[in-house]
Amino acid sequence: MEVDGASTSNGGASTSNGRANGGRSRRTAFDLFKQQQLPACKPVLTPVWVITAFMLIGSIFIPLGLVTLHASRSVVEIVYRYDAECVPKAFRGNKVSYIKNGSIPKNCYRSLKVHKHMKAPIYIYYQLDNYYQNHRRYIKSRSDQQLLHGHAHYDTSSCQPEEYNNGLPIVPCGLIAWSLFNDTFTFIRGRAELKVNRKNIAWESDRDHKFGKKVYPINFQNGTLIGGAKLDPDIPLHDQEDLIVWMRTSALPSFRKLYGRIEEDLEADDVVFVTLMNNYNTYSFGGKKKLVLSTTGWLGGKNDFLGAACIFVGSSSIILSIVFMLLHVKYRRNYRGTSYLSWNW
Amino acid sequence: MARGRIRARIRRSHLYTFTCLRPRSKEDGPHPMDGPGYSRIVHCNQPEMHKKKPFKYCSNYTSTTKYNVLTFLPKALYEQFHRVANLYFLGCAIISVTPLSPFSAVSMIAPLVFVVGLSMAKEGLEDWRRFMQDMKVNSRKVSVHEGDGVFGYRPWQKIQVGDVVKVEKDQFFPADLLLLSSGYEDGICYVETMNLDGETNLKVKRALEVTLPLGEDGAFKTFTGTIKCEDPNPSLYTFVGNFEYDRQLYPLDPSQILLRDSKLRNTTFVYGVVIFTGHDSKVMQNSTRSPSKRSRIERKMDYIIYILFSLLLVISLISSIGFAVKTKLQMPDWWYLAPNDTDNYYNPQKPAISGLSHLVTALILYGYLIPISLYVSIEVVKVLQASFINQDIHMYDEETGKPANARTSNLNEELGQVDTILSDKTGTLTCNQMDFLKCSIAGTAYGVRSSEVEIAAAKQMAMDFEDQDAEMSSVSRRKNRASEIELETVVTSTYEKDHKPTIKGFCFQDSRLMDGNWFNEPNSDVILLFFRILAVCHTAIPELNEETGTFTYEAESPDEGAFLVAAREFGFEFFKRTQSSVFIRERHPSSGQPIEREFKILNLLDFTSKRKRMSVIVRDEDGQILLLCKGADSIIFDRLSKNGRMYEEATTRHLNEYGESGLRTLALAYRKLEESEYAAWNNEFHKAKTSVGADRDEMLEQVSDIMERELTLVGATAVEDKLQKGVPQCIDKLAQAGLKIWVLTGDKMETAINIGFACSLLRQGMKQVCISAMNSEANEAVKENILNQITNASQMIQLEEDPHAAFALIIDGKSLTYALEDDIKQQFLELAVECASVICCRVSPKQKALVTRLVKQGTGKTTLAIGDGANDVGMIQEADIGVGISGVEGMQAVMASDFSLAQFRFLERLLVVHGHWCYKRIAQMICYFFYKNIAFGLTLFYFEAFTGFSGQSVYDDWYMLLFNVVLTSFPVISLGVFEQDVSSDVCLQFPTLYQQGPRNLFFDWYRIFGWMGNGLYSSLVIFFLNIMIFYDQAFRNGGQTADMGALGTAMFTCIIWALNCQIALTMSHFTWIQHLLIWGSIVTWYLFLFVYGMITPTISGNAYQLLVEALAPAPIYWLAILLVTVACNLPYMAHISFQRCFNPMDHHIIQEIKYCRKDVEDHRMWTRERSKARQKTNIGFTARVDAKIRQLRGRLQRKQPSVEHVNDITPSSS
């Protein structure tokens, strides 16, 4: 046994322990807790552990990355930037005056070529760049209460500065709703118009619980300053899915929002004609506008980054493991030896 | 300790000493009571006079609380917002109600209220406890004169100045009283002042003669008088005042004053008039609030906070400049923000104003860099750590039933960084109990028991030899075995001791003297004289213990008590003392019946530190006049007559032996006096005694000196100053842990050196550097002399070539006064640091504090002061950590201390186990805290760059609120409370591990910046990986893209995972609690998200059903978490793996050994490593043994040829 019991304080205490042990048949868990002697697992990073752990991480991440990458690669995506092209040549020098001039028709006809077979559903997105939907002033300018309860809710102070118009409250109030995106797209393949399903593009919970079924737009886009799209005052907000999508503000200044779905497959080499209504003003701040058609995989849209990152992490882990192994072989330290103790130097 | 002081004071109190028979001096008449500081007037027995001004003094209600009901809120709030960080958060909370705040007001205010509220609740609770303690004191009852000679009981707080109170035996005095009369006819009473100055001996107080008739209740019917005296002041040992009674003026002095909180002993009752009440009383005036101490780590933490503040400021500035620029240049184009219709916060026309207001916003937004919960987490952790210290059964003293107590919890981690221990001696290292152990009478040594020092040394050496066996050559082993066997016999022979009933103060065992056998010894007449000297030459008071029928003695010093007990056991029982006589009951073996003998005390020549001896001149029943003297051997030997040196040689030899075994020795001698010789001398003495003037004491000394000559040596006593249990071993272990130990004692040099040997702070072969001051020299010369001594010693040490040479510095109080002066102290400190052990003797409490300060400031390292008496209070308060021994002496030291222990030996566990753990825990915890807040806070900043620096946060307010308070705080608390790098046994077995603390390996800037860098890396990984993953493509079924809510929540989930996995990697000790808290935190996050998503969307906003509807079904969300978590922790994991593998620290290797169960398999290796795992030390047993081994080896080498032939003897296995 321990020759010295090491501690001088143990001298007295061991007897008390002995007594405690004798008196009660065993020490309760609470006693152990108080004496900081609870059974504990004390993992030690031995080389075997380290090498295994790094190997394990590598062997999980590399296949995972490959699968992910494959999923992303199998997504077909068509991105088409139209903001510049859809401005008539005459106005190319002064796009802002073009877009602000209501009398100029904003129609724009373009064609897209499908490179690869696209499996339905094909999602239609519009993408805006350099658009600060995440600006604090912008984000705060809404009233969830009003969206749900409509006119009944009077406190719209959070909606500044789009709160009142002509002395009357606006429903829906606030900058977000006011700046609603109003470009529209129609698609024709061959002769037939491709049917775009614009239902169920918003989150279900948003539709059902955040936008009132009996809340109708009132006094919206009615003033001197017109922002974005107008809303049909006869359709309740609950059904205005464009608005609902728009109101889920994006995190980054470059974002895509769902516009609709094409529920037919597009074959490779199909040509899709798009009719654009280029209404939305991104020209004053130099924002780009893009139209995106994309299929989805099990992982969502096209984004190679995740897969690449997984592979990177996995391979660096493998490399670490190998480096560690080599180092360990070269500078072998006796893991059960004591020569590394500072007093043995 | 403080023996000199006790003596000195008793002289002042006119007890039994040179001055005891001095007539009440007529020359110092009434004090001139005028001028400032002497304005107090007390109308005795007329308390109604003190009901209104100007005689209305403060009530006797005392309060030690910091707050009362009214002041609690403002004062406690002030205390809280004294901390810079809290003030910052308060500012944030205030701003959060304005539109400037990026968060909702509740998310800023709630955590602050929680944090401040918790700290305030703790303060309040502590104060409430103090209040309850006060109430207990204030409601103690005392008997007060209520008029017409009737006394009734009243609580203390109702007592007024002028009241006459009657205090009974063993009661405390309720206020400072003027003693009027006592149960004794001569108006004396005995007082125990333990609570005042920590001294356990009794002091005598004496009433004025005029008030002696006031000896019963009825006498106070008509008693009136007036006291004019000094104003309240903290000086315990002075009092100036006049007492006007019967139109006569009598001067008062401290011997008539009974101080509050002292206790009446040995006296049935006293009457007294209340002079100072409540906070005016001297003891209350004396109480100082102990300074609040902060640990080194906490002070360093402040710097980190400052760094973070600067970082905060920098990124805020970047944000606000960015914002101003964006607002000025770009915002006019952002029509969707309605830039023409803005308030000042977003005004493109006034970018400067917008920028400034945004600065405020940014400061709040990035406030997560400054961990609001850090303080409260640390507070919680420390309280829990402290409760573990309090609960530790290994620091529980069974004898007194006292556990260790962490009185302040904010120094726990400081315990792990102690460099120097400054220890008091009496009551700390020693029990302040003297045991009569051996004696030498007429040149024959008696007493067979070994002193504890001998026993302990033998034990330790035997054990260490065993350990050393493996290493030693067989030759030297054989040599050692011999001494080992020798030692073992010593050890075993002492075990019988435990079976005998022990008498306190008496450990003597020798059949030659016991049970009357001394009568048959050859020199029985000398032995008789020896016993008589023991029984007569003292100043103690006997007290009959009614239960046992034996006498116990209230002596000025414990050794005197031990002598009397010894005399009693030998059959010479001292049982009565009057002012002029001492009565002894002698049991002679010849007659069998006890005979009572009276010794008339003619003169008593007091003990002083200078004289180092005391004598009594007595007349025995035969009329023979004898001078009985006891004193330091050197002094006595100088004064022996030619005929009296018969036993000198043998006695000297014995004295040396005793000294070596750590015993306190005194020599006893006597002188027979002729009547005429005495009469002539007494005349001289009387003259000197009645003389007035400054040189009176000197004259007395001279006259005494004349008498104390021509002595005849009788013998010597050896008294063991009993060491506290386990002290030498504890010192040994502490020394192995690399701690330096200084002893500061009020004792005289010889005693201190003895104890130094006993504790192994000193040993033979150590070079002692004694610095002492010559008396009677001019200040300058003395200083010069001391400086010389110091320089010489330093040079000697520098020139020393032997690597094993050890030095011990012993310095006395007088020299210390000079050595502590500004111009020398640095040299002194340098010398002291070079020495293995430092002993300061005869130091005053003030000097103790000064030495502590010198060490603390001079070396810049952590000091720990440990002591038990009131004289240690200064030192305890001055040191970085003050430890009080809750032993026999008063509570003063404990009250002033940060930790209290029942025994010195628990210090080892407190430091080596708890200190080590707490240091590492707190250090790791703080590092992790900064890591986690940087990792989180910076993500907010990066996001700003994507929002045009508008101050929008990507996370929901509630996430942020919960981040610090719930989601990441519990794991970090479990790290701070439960982490153990190695178990407590290992800590004790490998004392070197302690050095990780003083070397500050876990909280150096390298590590701190490492963690900060790790935080920076994590924040980058978390933010950018998430941004890239959830960039713009569809992330879920239905083709929707990730909005801010989804991205923020995913990012936040990654943070929770990454941070909690990080802390799991940091820990090395998992009980179910850690598992529960770490993984529970992650589960809590999901639970929260789930519940938050269920409540109405008007509250949860974008988080409504986020988890259920969007994130949980999206595989990319889970993949992202996996990826980010691993990517965050991979570098750290690689770092610790490589460090552990190729540059391991000691505790890593021990962990591995334990993990592989190697310690069980290869017990030999384990023992070997254990014996090696100690700091090189020159003190303690181990050093003693090492020195011995070196000595033996050296001798062996010289004798090599001659011992060659014993090589073949096979040593028995150990």
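Values reported hereafter were calculated over all heavy atoms of this structure, with side chains retained and with hydrogens, waters and symmetry mates removed. Here is how names work: the chains are called A, B, and so on, in the same order as the sequence lines, proteins then strands, and each is numbered from 1.
- Comparing B:Gly1039, B:Ser1068, B:Pro1097, B:Gly1048 by heavy-atom pairs within less than 4.5 Å of chain A, the highest count is held by B:Gly1039.
- With a threshold of 4.5 angstrom between heavy atoms, B:Thr1096 does not approach chain A through any atom at all.
- For a residue to count as touching a neighbouring chain, one of its non-hydrogen atoms must lie under 4.5 Å from one of that chain's; by this rule B:Phe904 does not touch chain A.
- Of the atoms belonging to B:Leu1025, heavy atoms from both backbone and side chain fall under 4.5 Å from chain A.
- The parts of A:Pro253 that come within reach of chain B are both its backbone and its side chain, each placing non-hydrogen atoms under 4.5 angstrom from that chain.
- In this structure, the portions of A:Trp298 lying under 4.5 Å from any heavy atom of chain B include both its backbone and its side chain.
- In the displayed structure, B:Gln1139 atom CD is contacted under 6.0 Å by more than 12 heavy atoms of other residues, nucleotides or ligands.
- Within the 6.0 Å centre-distance limit, the rings of A:Phe33 and B:Phe388 are counted as a close aromatic pair.
- Here B:Leu1122 is the residue among B:Asn1037, B:Asn390, B:Leu1047, B:Leu1122 with the most heavy-atom pairs under 4.5 Å with chain A.
- Here the two rings, on B:Phe1138 and A:Phe324, have centers that are under 6.0 Å apart.
- Looking at B:Val912, there are no atoms closer than 4.5 Å to chain A (heavy atoms on both sides), in backbone or side chain.
- Using a 4.5 Å cut-off between heavy atoms, B:Phe943 touches chain A through its side chain atoms alone.
- For B:His1069 and B:Phe978, the ring centers sit 6.0 Å or farther from each other.
- Contact of B:Glu1109 with chain A is made through the side chain alone, with heavy-atom distances under 4.5 Å.
- Interface remark: B:Gln1151 contributes backbone and side-chain atoms alike to the contact with chain A (heavy atom separation under 4.5 Å).
- The contact between A:Leu299 and chain B is made by backbone and side chain atoms together, counting heavy-atom distances below 4.5 Å.
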Review point. Where do B:Asp392 and A:Lys34 land on the salt bridge (Lys or Arg N to Asp or Glu O under 4.0 Å) test, with the steps shown first?
Key: CA-CA 7 Å; B:Asp392 193 335; A:Lys34 284 197 295 190; over 6 Å; no
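- Proximity to chain A (any heavy atom under 4.5 Å) is restricted, for B:Phe990, to the side chain, taken from C-beta onward.
- For chain A, the option among B:Val977, B:Val954, B:Ile1027 with the highest count of heavy-atom pairs below 4.5 Å is B:Ile1027.
- Listed options B:Gln1105, B:Gln1040, B:Glu399 were ranked by heavy-atom pairs under 4.5 angstrom with chain A; first place goes to B:Gln1040.
- At a 4.5 Å heavy-atom cutoff, the contact between A:Lys42 and chain B is made by backbone and side-chain atoms alike.
- The aromatic rings of A:Tyr280 and A:Tyr131 are tilted relative to each other, their planes meeting at an angle between 30° and 60°.
- Side-chain contact of B:Gln995 with B:Thr992: a donor-acceptor pair under 3.5 Å is absent, judged by distance alone.
- Proximity to chain A involves both the backbone and the side chain of B:Met1133, based on heavy atoms less than 4.5 angstrom apart.
- Among B:Gly1101, B:Gly1045, B:Ser387, the residue with the largest count of heavy-atom pairs under 4.5 Å with chain A is B:Gly1101.
- Interface remark: A:Ser72 contributes no atoms to any contact with chain B (heavy atom separation under 4.5 Å).
- Of the atoms belonging to A:Ala71, not a single heavy atom falls under 4.5 Å from chain B.
- Two rings, from B:Tyr1031 and A:Phe305, have their centers 6.0 Å or more apart.
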**Study point:** Stepwise ring-ring contact (aromatic ring centres under 6.0 Å, His included) check, B:Tyr336 with A:Phe285
**Key:** CA-CA 10 Å; B:Tyr336 50 90; A:Phe285 52 88; 5.3 Å; yes
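- Interface remark: A:Asp304 contributes no atoms to any contact with chain B (heavy atom separation under 4.5 Å).
- For A:Leu148, the part lying under 4.5 angstrom from a heavy atom of chain B is the side chain only.
- Judged purely by distance below 3.5 Å, without hydrogens or angles, the side chains of A:Arg136 and B:Gln952 never pair a donor atom with an acceptor atom.
- Residue contact with chain B, scored on non-hydrogen atoms closer than 4.5 Å, involves the backbone and the side chain of A:Leu327 alike.
- When heavy atoms are compared at a cutoff of 4.5 Å, B:His358 does not approach chain A at all.
- The side-chain tip of B:Arg1036 points at the ring of A:Trp203 from less than 6.0 angstrom away and within 45° of straight on.
- Under 3.5 Å, the side chains of A:Arg261 and A:Asn200 contain no donor-acceptor pair of N or O atoms.
- For A:Tyr138 and A:Tyr132, the distance between ring centers is not under 6.0 angstrom.
- Heavy-atom distances place the side chain of A:Thr296, and not its backbone, under 4.5 Å from chain B.
- In this structure, the portion of A:Gln127 lying under 4.5 Å from any heavy atom of chain B is its side chain and not its backbone.
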